[in-house]
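Below: one structure, written as structure tokens.
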Amino acid sequence: MMTREEAAARVIEECFWGDYRFDVTSLLAHIDENSDYFDRFLIDRIVKNARHPSRLLEALYGAERTLAMIPPPDRDRFLDYHNRRRALVRANVSGDYSDPAIQRWVWKSTIEKHR
């Protein structure tokens with residue numbers, strides 16, 4: 001299991017490119033404030049840019065807070081790449097892969113990877 005400090009260091013490395021100035025201590029302090037605004041900002045950066053967003057989010061926020069900040073996908077809407085990543089992160093954290101859109105995307109990605 002990854003520590004919060006290790007996860008924060010990876011987030012800084014993978015998700016920020018000098019456009020914001022964080023160090024591990026300041027990033028963790030912001031997370032501990034439980035600001036919905038900051039948490040949405042950071043979770044969005046992690047989902048968009050991290051190699052393994054589910055692991056990082058669980059280490060930094062825990063499953064309950066992560067699921068509260070990532071709403072379930074709208075089944076009637078087309079899921080673009082970013083929204084599919086958000087939906088898949090939510091499925092990974094919750095362990096619930098029952099949504100048909102998630103099943104199709106995971107299956108399709110798995111098939112394409114092995115071609």
Side-chain angles (χ1 to χ4, degrees):
M1 182 96 188
M2 182 182 308
T3 67
R4 288 183 80 220
E5 291 77 13
E6 291 169 333
R10 288 201 38 204
V11 165
I12 292 167
E13 177 186 330
E14 294 178 14
C15 303
F16 293 99
W17 308 285
D19 49 349
Y20 293 88
R21 294 189 187 259
F22 289 110
D23 59 19
V24 170
T25 304
S26 67
L27 187 66
L28 291 175
H30 280 294
I31 291 169
D32 291 340
E33 291 173 358
N34 289 321
S35 162
D36 285 351
Y37 179 79
F38 181 80
D39 291 349
R40 279 191 181 92
F41 160 75
L42 185 60
I43 288 169
D44 193 53
R45 287 293 279 243
I46 293 170
V47 169
K48 284 182 178 176
N49 301 307
R51 288 180 291 223
H52 303 286
S54 304
R55 288 179 52 205
L56 294 174
L57 289 170
E58 283 192 277
L60 293 172
Y61 288 102
E64 186 176 320
R65 180 73 173 154
T66 299
L67 294 174
M69 298 305 294
I70 300 177
D74 183 356
R75 291 177 183 224
D76 297 329
R77 252 182 93 199
F78 172 75
L79 295 181
D80 63 10
Y81 179 77
H82 176 67
N83 285 323
R84 285 187 301 210
R85 276 184 64 101
R86 289 175 62 85
L88 189 56
V89 166
R90 183 174 173 77
N92 286 339
V93 171
S94 70
D96 179 11
Y97 298 91
S98 62
D99 187 295
I102 296 297
Q103 290 178 353
R104 280 192 308 272
W105 193 56
V106 170
W107 180 79
K108 182 180 177 186
S109 298
T110 305
I111 295 296
E112 289 174 0
K113 184 186 285 186
H114 295 290
R115 282 187 180 177

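- Distance check: Ser94 OG to Ile70 CD1 gives 10.0 Å after rounding to the nearest 0.5 Å.
- For the pairing with His30, the ring-ring contact (aromatic ring centres under 6.0 Å, His included) check across Tyr37, Phe41, Phe38, Tyr61 returns one residue only, Phe38.
- By the rule that hydrophobic residues join a cluster once side-chain heavy atoms approach within less than 4.5 Å of another member, Leu27 and Ile46 end up as members of one cluster.
- One distance of note links CZ of Arg55 with CD of Glu6; it measures 9.5 Å at 0.5 Å rounding.
- Not counting sequence neighbours, Glu5 has no partner by the salt bridge (Lys or Arg N to Asp or Glu O under 4.0 Å) test.
- The salt bridge (Lys or Arg N to Asp or Glu O under 4.0 Å) test applied to Arg65 returns Asp36, Asp39, not counting sequence neighbours.
- Using a 4.0 Å cut-off between charged side-chain N and carboxylate O, Asp44 and Arg86 make a salt bridge.
- Clustering ILVMFWY residues whenever any of their side-chain heavy atoms sit less than 4.5 angstrom apart, transitively, puts Met69 in a cluster other than the one holding Leu88.
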Open item on the list: Assess the residue pair Val11 and Asn49 against the criterion (side chain to side chain contact (heavy atoms under 4.5 Å, CB included)); give the C-alpha distance rounded to whole Å, side-chain angles, the decisive distance to 0.1 Å, and a yes or no.
Closed with: CA-CA 9 Å; Val11 165; Asn49 301 307; over 6 Å; no
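- Checked by atom type and distance alone, the side chain of Arg90 pairs as donor or acceptor with a backbone atom of Leu67 at under 3.5 Å.
- Note that CZ of Arg10 is 4.0 Å distant from CE of Met2, once rounded to the nearest 0.5 Å.
- Every residue two or more places apart in sequence or in another chain was checked for a side-chain hydrogen bond (donor to acceptor under 3.5 Å, both in side chains) with Arg21, and none qualifies.
- Leu57 contributes atom CG, which lies 10.5 Å from atom CG of Asn92 (distance to the nearest 0.5 angstrom).
- The environment of CD in Glu64 is sparse: at most 12 heavy-atom neighbours from other residues, nucleotides or ligands sit within 6.0 Å.
- A search for salt bridge (Lys or Arg N to Asp or Glu O under 4.0 Å) contacts involving Asp23 returns nothing, not counting sequence neighbours.
- Take His82 and apply the ring pair (Phe, Tyr, Trp, His ring centres under 6.0 Å) test, not counting sequence neighbours, and it matches no residue.
- Partners of Asp32 under the side-chain hydrogen bond (donor to acceptor under 3.5 Å, both in side chains) rule, at least two apart in sequence or in another chain, are Arg4.
- Residues Ala50 and Leu56 approach most closely at CB-CD1, 3.6 Å, considering heavy atoms.
- The minimum heavy-atom distance between Pro53 and Val89, with the atom names listed, is CG-CG2, 3.6 Å.
- Using bins of under 30°, 30° to 60° and over 60° for the plane-to-plane angle, the ring pair Tyr20/Phe22 lands in the parallel bin.
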